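Here's the structure we're looking at; comments come further down.
This one's a predicted model, so the numbers in the text were calculated from it and none came from an experiment. Quick note: numbers below take in every heavy atom, side chains included, and nothing from hydrogens, waters or symmetry partners. Chain identifiers are assigned alphabetically (A, B, ...) following the order of the sequence lines, protein sequences preceding nucleic acid strands; residue numbering begins at 1 within each chain.
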2 protein chains.
Amino acid sequence: MPSNVRARTDPAIETARSVVETGLDSGAVVTIFGECTVEYDGRAASTLGPGDRHVMCKPDGTVLVHTDEGHQPVNWQPPGCTHEVSITDDALVLDSQRDNPDERLVVTFDAVEHVAAFDVTDPEELSLSGTEEDLRQRILAEPSLIEPGFTPLATERETPAGAVDIYGEDGDGRAVVLELKRRRVGPDAVGQLARYVEALQRDLHAETGVRGILVAPSVTDRARSLLAERELEFVALEP
Amino acid sequence: MPSNVRARTDPAIETARSVVETGLDSGAVVTIFGECTVEYDGRAASTLGPGDRHVMCKPDGTVLVHTDEGHQPVNWQPPGCTHEVSITDDALVLDSQRDNPDERLVVTFDAVEHVAAFDVTDPEELSLSGTEEDLRQRILAEPSLIEPGFTPLATERETPAGAVDIYGEDGDGRAVVLELKRRRVGPDAVGQLARYVEALQRDLHAETGVRGILVAPSVTDRARSLLAERELEFVALEP
DNA sequence: GTGTACATCTCGACC
DNA sequence: GGTCGAGGTGTACAC
């Protein structure tokens, strides 16, 4: 059985170029480790001087440049880019570009210390729970978690300010807007709820006010006082 | 000169364990490629069935699990975690945990096709331009970009709703709040500006209203109408 | 440590 | 293709 991996440590530059080019052409995930500089120009612009980094090129056009710290790549290119590899002045150059927006990432390796091409077979999808969608399902299955008498009427109900997570009415027939968050919320969520309540109020020409309820595990102090100022409510609930 | 890289293709499982453990202990960036399953439990919870993935462990405690698609890792652990590697039932198991919040990621490799440890030396910092901070500097250097007579008085001015990007006054001495965005803005930015304007209005007990100006390259239609409803303004400006 | 807002955010869904 | 909001968001910075 042939290996799914083609790798070289401290390769000659032409060998490195070959592994990368062959890998990219065959739809492999290609990684390059070595001393490099990185130039980026697009939505923003950046430069990164010489240092050791790990670069990953995916067959979907993604590029990721990782240092030894942090979850986030120091530089990257999103899916959909086209990469080219070449040798210029004894350096291995990876050039990744895209349109809309016009963006370009160029990684120049003075020295390649490792290169690898991985044939990836991954049939599985991630199964994730504990999302906002789970919270929504919980409430729709048991509306009394919000308060006795609450009745959901629609999800994703459109308003001039955007779609409301859950729209319904309370035991007295008043319109209720729910904004759901899977985690502790700050002022931004209050602003969002306030927008929806105001928009719906205008839209319905309601005589009685539209109630707005923020549903989340907890709120910060500032968010709580913003809720109070706007006469909005809070219900503690987890996904 | 000894190589900065220790790598093995299709290693025996004990060899793989040794390279990973030695690498983690020495502060190297360690990568493992092979067929694995992934279990995560923490802020949310997830499972991922068998497939080929590329796993990177950084010396700061970061773990990244990448498939062949997308910018984002399919699973990960943020910096600050402690990882352990072991062999259980002929599988290589990577166990990464942290407290606050309690989170655990377990990657189980049925087969390791490649393993590598990279000694990283990276003295450079990223130099980035085109950020919101650049836009702020541009306005402070030339306030008339907002409008003739505008005078900045403070940045990060605190209000009960949060800190205002730039606070100042117009040619008539009216208070002005600027909210800056480096890119095209939607309804969320309008909500943010509205919160600040309302909070400052209350705070100042101003007789004349506080003006709110959104400064960004452009706005969506919905954001524009929300601005109009709230009598907020827009100035087109890029970073 | 928590709170707050930015980010080349990315990503998916819907229009 | 643009708009919109979620995200296990991560990240820096202020309190």
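Summarising the geometry of A:L226 relative to A:P187, their closest heavy-atom pair is CD1-CB, 3.6 Å, with the distance given to 0.1 Å.
Using a 4.0 Å heavy-atom distance criterion, B:R104 is classed as making no nucleic acid contact. Here B:A223 lies out of heavy-atom contact (under 4.0 Å) with every strand. Across all strands shown, A:N75 has heavy atoms under 4.0 Å from base atoms, whether or not it also approaches the sugar-phosphate. As judged by a 4.0 angstrom heavy-atom cut-off over every strand, B:R98 is placed among residues making no nucleic acid contact. No engagement by A:P101 is indicated, since no non-hydrogen atom pair under 4.0 Å with the nucleic acid exists. At a threshold of 4.0 angstrom between heavy atoms, the contacts of B:E158 with the nucleic acid are absent. In this structure, B:S46 reaches neither bases nor backbone, as no heavy-atom distance under 4.0 Å exists between it and the strands shown. Heavy atoms of A:R136 sit nowhere under 4.0 angstrom from any nucleic acid atom. A:Q192 comes within contact range of the sugar-phosphate backbone alone, with a heavy-atom separation under 4.0 Å but no base atom that close. B:A189 comes within 4.0 angstrom of no nucleic acid atom, judged by non-hydrogen atoms across all strands. Among the heavy atoms of the strands, none lies under 4.0 Å from A:G130. Base contact: A:R183 has a heavy atom under 4.0 Å from a base atom.
Computed from coordinates, the B:N100 CG to D:dG10 P distance equals 13 Å when rounded to whole Å. Atom CD in B:E156 sits roughly 9 Å away from atom C1' in C:dA5 (whole-Å rounding). What separates CZ of A:R224 from C1' of C:dT4 is a distance of 17 Å, to the nearest Å. The distance between atom CG of A:D188 and atom P of C:dA7, rounded to the nearest whole Å, is 15 Å. When rounded to the nearest whole Å, the span between CG of B:L64 and C1' of D:dG8 equals 14 Å. The separation between B:L226 atom CG and D:dC4 atom C1' is 12 Å, rounded to whole Å. A straight line from CG of A:L193 to P of D:dG5 spans 13 Å, rounded to a whole angstrom.
With D:dG7, C:dT4, D:dA6 as the choices, the nucleotide that has an atom nearest any side-chain atom of B:Q72 turns out to be D:dG7. For A:P78, the side-chain atoms get nearest to C:dT10 when compared with the rest of D:dA6, C:dT10, C:dA5. Side-chain proximity of A:K181 to the nucleotides C:dT2, D:dA6, D:dG10 is greatest for D:dA6.
Residue A:R184 has a polar side-chain atom (N or O) positioned under 4.0 Å from OP1 or OP2 of C:dG3. When the side-chain nitrogen and oxygen atoms of A:R43 are compared with OP1 and OP2 of C:dC9, one or more of them lie within a distance under 4.0 Å. Distances shorter than 4.0 Å separate some side-chain N or O of A:R182 from OP1 or OP2 on D:dT9. Taking side-chain N and O atoms only, B:Y196 has no distance below 4.0 Å to OP1 or OP2 of C:dT4.
With 3.5 Å as the limit, one finds no donor-acceptor pair spanning the side chains of A:S86 and A:D95. The closest side-chain donor-acceptor pair between B:Q77 and B:Y40, if any, does not fall under 3.5 angstrom. A donor-acceptor pair shorter than 3.5 Å cannot be found between the side chains of A:T67 and A:R53. Side-chain atoms of A:T155 and A:D165 include no donor-acceptor pair closer than 3.5 Å. Judged purely by distance below 3.5 Å, without hydrogens or angles, the side chains of B:H66 and A:K58 pair a donor atom with an acceptor atom.
Judged by distance alone, with hydrogens and angles left aside, A:E179 brings no side-chain donor or acceptor close enough to the base of D:dG5 to form a pair under 3.5 Å.
In terms of position along DNA chain C, the nucleotide closest to A:V185 lies nearer the 5' end than the nucleotide closest to the other residue of the pair A:V185 and B:H71. A residue-by-residue look at A:G162 and B:W76 shows that A:G162 has its nearest nucleotide of DNA chain D further toward the 5' end. Between A:L128 and B:D221, the residue whose closest nucleotide on DNA chain D is further toward the 5' end is B:D221. For the pair A:T220 and A:V74, nearest-nucleotide mapping onto DNA chain C gives the more 5' position to A:T220.
For an aromatic pair to be called close, the ring centres must be under 6.0 Å apart, and B:H54 with A:H54 satisfies this.
Within the shown strands, nothing qualifies as a pairing partner of D:dG8 under the Watson-Crick or G-U definition with both distances less than 3.5 Å.
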